[in-house]
*Asks:* 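This is the structure I have questions about; it appears just below.
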Amino acid sequence: MLLLLLSTIISKEGHFKLSGIIELPYDLVICEKPDAALRIAQALGSLSFKKMSRLEKAKRERLPPVFSVTDRNNQRFVVCSALGHLYGLVDIRGNRTIYPVFDVTWRPLKKKGTHGFKTSAKTEQIIRSISALSHKATRIVHACDYDQEGEVIGYNILQYACDNKYESSLRAKFSTLTDEEIRNSFDNLLRPSKGLAEAGRSRHMIDFIYGVNLSRALTQSYKVSNEGKAFCNLSIGRVQGPTLAFVVEQDIEIRNHISDPYWTISGEFEKNGHRIKAHYHKQKITTQSQATFIVNECTDQYGKITTIKDEKVGSKAPNPFSLGDLQSEAYRVFKFSPSHTLAIAEKLYLDALISYPRSSSQKLPASINYKKIILHLSSFVDSTTGGAVYSILASKLLAKDHLSPNEGRKTDPAHPAIYPTGEKPKRRPQSAEIKLLDLIIKRFFATFGDPAISQHTTITILVKDEHIFIADAKKMIYEGWMYFYKPYSNGSPLGDQTNLPLLRNDDILKSVAITMSEKFTQPPVRFNEASLLQKMEKEKIGTKATRSEIISTLFKRNYITSTNTYSRESIVVGGVGGRTRSGIEATDIGFELVQSMHKYIPNIVSTNLTRSMEEQLDNIEVGKAKSAAVIEAAMDRLKEAIVSFKEKEIDIGRQITEAIAITRNEQRQRQQITLGTCPICKNGELRIIKSNTTQKRFVGCSNYSTGTCKAAAPLPQKGLITKMEKICNVCKWPMVKSTYGGQSKNPWVFCVNMQCPSKKQQQNENI
DNA sequence: GCAAGGTC
């Protein structure tokens, strides 16, 4: 079998300089991404080491590679790749102040939003190269991911770059990119599914119609009511809307929560010098008098053991990571925000340390070769200590008779769950990357582990024939998978104690302390970024790849904010991405937007829009509905809403203006991070303030505005400033820590006072 | 400087 990586040098005219071999007949295979193209080429043919090195070159140039392979039936394939969507919807007029717009059309994507890796020129280049290859192809195989978006990506390329070849193309259908599935799909090529492509393209249209138009309406209303003198970028969409509404609704619930008191009762019993802790069988007692009554009844009494239950409880190994699982776990153990986790995972993926991270699968096919990966991991060496990091864990796993991961139910059309590849890092990873990689490796190990087993003992103590107390104990008796997942194992929550002394039925215990404590019912717990993402997953809005981005957008637009800019131990100022704070609350802007949208077009802040859209898309897919009719209906609904919105435009804009003013003011206050009492005037507070004029941060006294204290100090403008909970013992000014770039291991700790004698001393010493 | 959805 022959595999040849074609030179991907493309001349300015877009023609390939192909080696002579390309003159032979071939089928063109169009893939969604380079990674898939590589796998497909490998599955059809085979990849020699030499050609792999040429692939690296294509990677460096950031262009998708092109492979030529001959399969086992002597059929030649040229495998090429897109880079996700190459075409997107654009507003023909391109004037953002005009709405509603419906004149939209598919065009080569101008430029990629966030990371800037896909420039307009590059998109055009890829399109030209695929176009050139398609002209000479005998047949064209559409081999993008077998899902709705994949169908659209391939459809657009085949229609726009390959002269309307969609209908005549063939479709490869695979559910994961394993050799077997790929070969099987090429042995059984299907007709393309026009319905699916139509459904997907309609999805793009509907999202554009609602999202772009309503965002423009909001932005304009603000501008108009400020007579064109102010601008604020406002947005809303099918996913942003309901996600924001989740936060707003919860805020309202929290605001309206009325705390009710209740009482809990705990008891301590004694037998032969052993103390046994127990709790009253009713966990909540609603009146104080009843609680007092029980305490009085049971104090200095004897209780009899009526039942003893002993059971072994197993907890199965965790599932392999889907992206969502990884994001919530990284939040739980490291407090990484979901978008930060995705960003790190992408780096690890691009360094070939882990598999494709944007996967919703919880399955790991055996074809990835568990044993080989574990073997490779066992030789990982800690760069500072030189010790093997995973060798003990790996050898324990390798000693098992057979390896089979505890797979979860979720699947993905193109990828397995996230797993470590076993490749060694080629550069020194940053600390966050090391953390996430360690989590992924240990999770991978843990999925092969046995169930963990703990012993649960529950005894029932009856006092005065009426009052029941429960004493329970939990004890781990077999670690199983938890051994591999340390230090991330949750452990099983303990009972009242880890051990109960040997007790028997009918034993009599003396009650030595019966106490009650007053508690209050709590309002719902606020969302954090991880739980908000889980809520989106549960409500089935957004996708694995976009959810965290959409949450970030809500932050960026100042619709939502963290209730606490402080982490528990320290105050963190000016950090980028990274750690998230404790809870999320809606700002006034967020409230205002949900309220006005609720009035004019309630669908946009409800998951119903997604639900009904999906239903209609399903109908389009199977031919029960026409795409044009569905889109027209969406336009009609939007037009209606826009008419009533425009009538009230000034009013809405005013309300938003007010909300923006309040939110900005609150933010300004929030940005002033306190560092403790001012050492100069002794009654003001030193705070980290961002200057409104220079945008620079500095330390200033709160009495500055009253003119009574001029204490101030400059700060480094880059990196994280973290408050230390101590003051300088020379000058009594607060100490802070500055962390910049990858230097998290060697932060700079200093007192903020520039005039501090300790600094003079240091300077003198240096001289 | 607008959506949501792909991708490096």
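Keep in mind that what you see is a predicted model, and the values were worked out from it rather than measured. Lettering follows sequence order; numbering is per chain, from 1.
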*Asks:* For DNA chain B, find the residues of residues 235-244 of chain A with a heavy-atom distance under 4.0 Å and give them by number; none if there aren't any.
*Replies:*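 Per residue number, the list reads A:S235, A:I236, A:G237, A:R238, A:V239, A:Q240.
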*Asks:* For A:D325, what residues pass the salt bridge (charged side-chain N to carboxylate O under 4.0 Å, His left out) criterion, not counting sequence neighbours?
*Replies:* none
*Asks:* Go through the structure and list residues passing ring pair (Phe, Tyr, Trp, His ring centres under 6.0 Å) with A:Y166, not counting sequence neighbours.
*Replies:* A:Y155
*Asks:* Look at all strands and tell whether A:E32 reaches a base, only sugar-phosphate, or nothing, counting heavy atoms closer than 4.0 Å.
*Replies:* sugar-phosphate
*Asks:* Assuming nearest nucleotide by heavy-atom distance, tell me which of A:I550 and A:P34 is located more 5' along DNA chain B.
*Replies:*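 Nearest-nucleotide comparison on DNA chain B picks A:I550.
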*Asks:* Which residues pass the ring pair (Phe, Tyr, Trp, His ring centres under 6.0 Å) test with A:Y559, not counting sequence neighbours?
*Replies:* none
*Asks:* Quick one: which residue pairs count as a salt bridge (Lys or Arg N to Asp or Glu O under 4.0 Å) with a foot in residues 81-97 of chain A, not counting sequence neighbours?
*Replies:*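 Sorted result for residues 81-97 of chain A: A:D91-A:R216.
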*Asks:* State which residues pass ring pair (Phe, Tyr, Trp, His ring centres under 6.0 Å) with A:Y160; sequence neighbours excluded, sorted by chain then number.
*Replies:*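 Only A:Y87 meet the ring pair (Phe, Tyr, Trp, His ring centres under 6.0 Å) criterion with A:Y160.
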*Asks:* Among residues 625-643 of chain A, which residues get a heavy atom nearer than 4.0 Å to DNA chain B?
*Replies:*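 None, since no heavy atom is under 4.0 Å.
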*Asks:* With sequence neighbours left out, which residue pairs that include part of residues 220-233 of chain A fulfil the salt bridge (Lys or Arg N to Asp or Glu O under 4.0 Å) condition?
*Replies:*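 Every salt bridge (Lys or Arg N to Asp or Glu O under 4.0 Å) pair that includes a residue of residues 220-233 of chain A, provided the two are not neighbours, is A:E227-A:K229.
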*Asks:* Can you pull out the residues from residues 193-209 of chain A that lie within a 4.0 Å heavy-atom distance of DNA chain B?
*Replies:*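 Within this stretch, A:R203, A:H204, A:D207, A:F208 sit under 4.0 Å of the strand.
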*Asks:* Give one of base, sugar-phosphate or nothing for A:G150, where a contact means two heavy atoms less than 4.0 Å apart.
*Replies:* nothing
*Asks:* Do any pairs count as a salt bridge (Lys or Arg N to Asp or Glu O under 4.0 Å) and have a residue in residues 144-156 of chain A, sequence neighbours left out, and if so which ones?
*Replies:* A:K33-A:D145, A:E149-A:R203, A:E151-A:R171
*Asks:* Charged N to carboxylate O under 4.0 angstrom, A:K426 versus A:D351?
*Replies:* no
*Asks:* Please classify the nucleic acid contact of A:D91 as base, sugar-phosphate, or nothing, using heavy-atom distances under 4.0 Å.
*Replies:*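 Nothing, no nucleic acid heavy atom in range.
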*Asks:* State which residues pass ring pair (Phe, Tyr, Trp, His ring centres under 6.0 Å) with A:F208; sequence neighbours excluded, sorted by chain then number.
*Replies:* none
*Asks:* Show me the pairs that pass side-chain hydrogen bond (donor to acceptor under 3.5 Å, both in side chains) and involve residues 635-647 of chain A, at least two apart or across chains.
*Replies:* A:Y210-A:R637
